[in-house]
**Q** 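One structure, as structure tokens, below. Some questions next.
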Amino acid sequence: MTIDDEGGPCVNADIAAGLPPAAALFRSLADETRLRIVQRLARGEARVVDLTGELGLAQSTVSKHLACLRDCGLVDYRVEGRQSFYALTRPELMDLLASAEHLLAATGHTVALSPGVTAPAAQVDQGQKEVEEARR
């Protein structure tokens, strides 16, 4: 699956084009829209209509990115009646997001990528001190 007008290809298309799997995964998560969808799904499953409302995106945009994340094996859905509920399939993805939070904190950039997992203030302060010392 490729996303022509928004964000470029996803993991499987990148791998098929010769990009190593790790680079393809990070490239897939580097897309802001897909990352926002992953962040939202980390809090629990959601329908496309939920995601469009919460993220302020068009239905077609959300659907394209969900399809890409499904192709990547990071997201899947279950059907209940006429509704589809999307959820993350890989709990390891939360570990990756938490590690990214800690790494960014250590470089002086505090971000919240995963719900309930943030770098403690002491770690952020220590990371900022280390960055400042390294610059001297």
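Computation of the quantities below employed the complete heavy-atom set of this structure, encompassing side-chain atoms and omitting hydrogens, waters and symmetry-equivalent molecules.
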**Q** Among residues at least two apart in sequence or on other chains, which ones pass side chain to side chain donor-acceptor pair (under 3.5 Å) with Glu32?
**A** none
**Q** When you measure from the side chain of Thr89 to the backbone of Gly73, do you find a donor-acceptor pair of N or O atoms at a distance under 3.5 Å?
**A** yes
**Q** Can Leu93 and Leu29 be said to form a side-chain contact (heavy atoms from CB on, under 4.5 Å), step by step?
**A** CA-CA 10 Å; Leu93 184 53; Leu29 293 174; 3.8 Å; yes
**Q** With the 4.5 Å side-chain cut-off for hydrophobic clustering, are Val38 and Met94 part of the same group?
**A** yes
**Q** Do Arg78 and Ser84 touch side chain to side chain, with heavy atoms closer than 4.5 Å?
**A** no
**Q** If we ignore hydrogens and angles and just use 3.5 Å, is the side chain of Thr61 paired with the main-chain N or O of Leu57 as donor and acceptor?
**A** no
**Q** With a 4.5 Å heavy-atom cut-off, do Tyr86 and Val48 have their side chains touching?
**A** yes
**Q** Would you say Val111 and Leu35 are hydrophobically clustered, going by side-chain heavy atoms of ILVMFWY under 4.5 Å?
**A** yes
**Q** Could you list the residues that satisfy side chain to side chain donor-acceptor pair (under 3.5 Å) with Gln83, not counting sequence neighbours?
**A** Arg47
**Q** On a heavy-atom basis, which atom in Gln59 and which in Thr52 lie closest, and how many Å separate them?
**A** CA-CG2, 3.5 Å
**Q** Find out if a path of hydrophobic residues (ILVMFWY) with successive side-chain heavy-atom gaps under 4.5 Å connects Val62 to Phe85.
**A** no
**Q** Rounded to the nearest 0.5 Å, how far does CZ of Arg90 lie from CG of Asp95?
**A** 11.0 Å
**Q** Any heavy-atom pair between the side chains of Leu88 and Leu69 that's under 4.5 Å?
**A** no
**Q** Please name the pair of heavy atoms, one in Thr33 and one in His65, separated by the smallest distance, quoted to 0.1 Å.
**A** CG2-CD2, 3.3 Å
**Q** In terms of heavy-atom contacts, does CZ of Phe26 have more than 12 from other residues, nucleotides or ligands at under 6.0 Å?
**A** no
**Q** Can you give me the closest heavy-atom contact between Glu45 and Ala87, atom names plus distance?
**A** CB-CB, 4.0 Å
**Q** Return the set of residues passing side chain to side chain donor-acceptor pair (under 3.5 Å) with Arg40 (not counting sequence neighbours), or none when no residue passes.
**A** Glu54
**Q** Answer yes or no: is there a side-chain heavy-atom contact under 4.5 Å between Leu74 and Leu41?
**A** no
**Q** Calculate, to the nearest 0.5 Å, the distance between atoms NE2 and CG belonging to His102 and Leu113 respectively.
**A** 10.5 Å
